[in-house]
Amino acid sequence: MQQGSGSGVKRGVRWLASTEFAIILFLVLSLLALPGTFGESRAIYSSPPFLLLLGALGMATAVCTVGKGRRLPLPVLVIHAAVVLVLAGAVISARGYVSTVNVHEGRSTGAAYRWDVNKELPLGFDLAVRKVNSEYYPVPVQVGVLRGSEKVALFTVRTGESFRFDRFTVTANELHLQGKRLSLSVAEKGTELGKIDTADEGTIASSFPYRFRLVAYRTPALKRTWVDLALLRESRVLAEGTSEVNAPFSWQGLQFFHVQSDRDQEGIYAGIQIVRDPGKPLVFAGLALLGVGAVLLLVRRCYGKR
């Protein structure tokens with residue numbers, strides 16, 4: 001009975017390390033992934049059956065590696081280790097989540113919508129949007145110059161460029177689409193006198209004899225947007241930073257992505273996506289190791305034993 005039991009264990013180990021078992025797992029995982037691939041729901045990827053199969057595939061790879069370690073060439077060992085790391089990272093990532101929330105500029109929130117549980121949950125801190133920033137590509141504008149009610153001149157420049165009149169150099173700094181106004185800075189002989197916009201607001205002295213008006217402009221194309229964020233707890237700042245689409249702000253395992261900005265009746269707001277992905281380092285490490293294994297395998301095929 002003991003010999004039969006021992007041989008049964010050996011057969012089981014050989015089956016776990018076999019190519020047939022790995023192929024079966026791949027096929028079952030592929031079938032389970034179909035709803036998430038062609039549908040909108042991604043819940044299958046964090047479901048217990050899917051994670052159990054990922055774990056089984058990782059275990060099968062590890063058993064195969066250990067059982068055949070001495071017979072496997074180095075590149076294959078490296079690739080096996082990489083696959084195990086990626087699968088382990090995928091399983092650990094199931095503990096993560098994605099939350100989204102819209103926050104108006106100058107306001108904060110302490111909750112966000114969790115997509116894994118389909119409800120709003122507390123964040124454990126307050127997320128504040130200090131400012132929503134936008135940068136546009138340079139665009140032509142026409143600027144009228146007035147002295148009192150008299151029209152003195154009309155200039156066509158691009159935002160970011162300057163024009164000269166009288167003894168002054170005027171730079172068209174930024175076009176504000178919401179208020180349909182243009183901000184400018186004025187200098188005299190290389191010394192900045194102050195700033196003013198086409199709505200007569202700014203820091204320039206009231207004795208400055210000229211005023212400016214935005215006569216015409218071409219609607220600019222958006223270059224980039226980003227938000228200034230702050231994380232607070234009981235009015236105490238935990239962290240501050242900026243976030244944009246491909247450059248999230250990170251804090252204690254959380255990543256804050258700026259996914260959109262828009263305006264409603266209450267003002268401008270930013271859409272923030274909060275991602276927790278604890279398995280990401282393992283997945284990246286596994287992918288890097290997989291690249292190393294692929295290079296070693298290529299070198300072996302080209303220059304080593306076949």
Note, Leu214 side chain near Val141 side chain (heavy atom, < 4.5 Å): yes
Donor-acceptor contact below 3.5 Å, side chain His104 vs main chain Gly106: no
CA sep, side-chain torsions, deciding dist, call: Lys223, Tyr136, side chain to side chain contact (heavy atoms under 4.5 Å, CB included): CA-CA 5 Å; Lys223 185 176 183 180; Tyr136 295 88; 5.6 Å; no
Rounded distance [0.5 Å steps], CD in Glu174 versus CZ in Arg181: 8.5 Å
Stepwise side chain to side chain contact (heavy atoms under 4.5 Å, CB included) test for Asp200 and Phe212: CA-CA 7 Å; Asp200 295 331; Phe212 303 94; over 6 Å; no
Any donor-acceptor pair under 3.5 Å from Glu105 side chain to Val132 backbone: yes
OG-CD distance between Ser250 and Gln255, expressed to the nearest 0.5 angstrom: 4.0 Å
Heavy-atom pair of closest approach, residues Val129 and Val103: CG2-CB, 3.5 Å
Shared hydrophobic cluster for Leu175 and Leu222 (ILVMFWY, side-chain gaps under 4.5 Å): yes
Flag for Ser99-Trp115: side-chain donor and acceptor within less than 3.5 Å: no
Side-chain donor or acceptor of Ser162 paired with backbone N/O of Thr169 under 3.5 Å: no
Minimum heavy-atom distance between Phe249 and Thr242, given as atom pair plus value: CB-O, 3.4 Å
Within-4.5 Å side-chain heavy-atom neighbours: Thr159 and Tyr217: no
Linked, directly or transitively: Val283 and Leu289 (ILVMFWY side chains, under 4.5 Å): no
Flag side-chain contact, heavy atom, 4.5 Å: Phe257 against Val275: yes
Distance-minimising heavy-atom pair for Ala111 and Glu120: CB-CG, 3.8 Å
Electrostatic pair Glu240:Arg130 at N-O distance under 4.0 angstrom: yes
CZ-CZ distance between Arg276 and Arg95, expressed to the nearest 0.5 angstrom: 7.0 Å
Cluster check Leu238, Leu127: I/L/V/M/F/W/Y, side chain < 4.5 angstrom: yes
Side chain to side chain contact (heavy atoms under 4.5 Å, CB included) evaluation trace for Lys195 with Ser183: CA-CA 7 Å; Lys195 299 184 183 300; Ser183 62; over 6 Å; no
Smallest separation among heavy atoms of Leu121 and Val117, with atom names: CD1-CG2, 3.8 Å
Ala199 backbone acceptor or donor facing Asp197 side chain under 3.5 Å: yes
Geometric class of the Tyr210/Phe208 ring pair [parallel <30°, tilted 30-60°, perpendicular >60°]: perpendicular
Distance-only donor-acceptor check, side chains Thr198 and Arg213, under 3.5 Å: no
Flag if over 12 foreign heavy atoms under 6.0 Å of CG, Asp264: yes
Nearest-0.5 Å distance that lies between atom CZ in Phe163 and atom CG in Leu154: 9.5 Å
Separation of Phe125 CZ from Gln252 CD (nearest 0.5 Å): 9.0 Å
Derivation of the side chain to side chain contact (heavy atoms under 4.5 Å, CB included) call for Leu296 and Val78: CA-CA 9 Å; Leu296 291 175; Val78 172; 4.1 Å; yes
Atom pair CG/CZ of Leu229 and Phe256 - distance to nearest 0.5 Å: 7.5 Å
hydrophobic_cluster_shared for Val84 and Leu290, side chain cutoff 4.5 Å: no
Test item: Leu182 and Val143 side chains (from C-beta on) under 4.5 Å apart, heavy atoms: yes
NZ/NE/NH1/NH2 to OD/OE distance under 4.0 Å, Asp126 and Arg233: no
Six-ring centre of Tyr97, Arg114 cation under 6.0 angstrom, axis tolerance 45°: yes
Arg224 CZ: over 12 foreign heavy atoms closer than 6.0 Å: yes
Min side-chain heavy-atom separation Ser185-Glu192 under 4.5 Å: yes
Side-chain heavy atoms of Cys302 within contact of Leu298, under 4.5 Å: yes
Flag side-chain contact, heavy atom, 4.5 Å: Arg107 against Glu266: yes
Common cluster, Trp251/Val227, ILVMFWY with side-chain heavy-atom separation under 4.5 Å: yes
Close side-chain approach of Thr100 to Ile274, heavy-atom, < 4.5 Å: no
Over all atoms of both residues, closest heavy-atom pair of Ala128 and Leu232: CB-CD1, 4.2 Å
Closest non-hydrogen atom pair between Thr109 and Leu123, with its separation: O-CD1, 4.2 Å
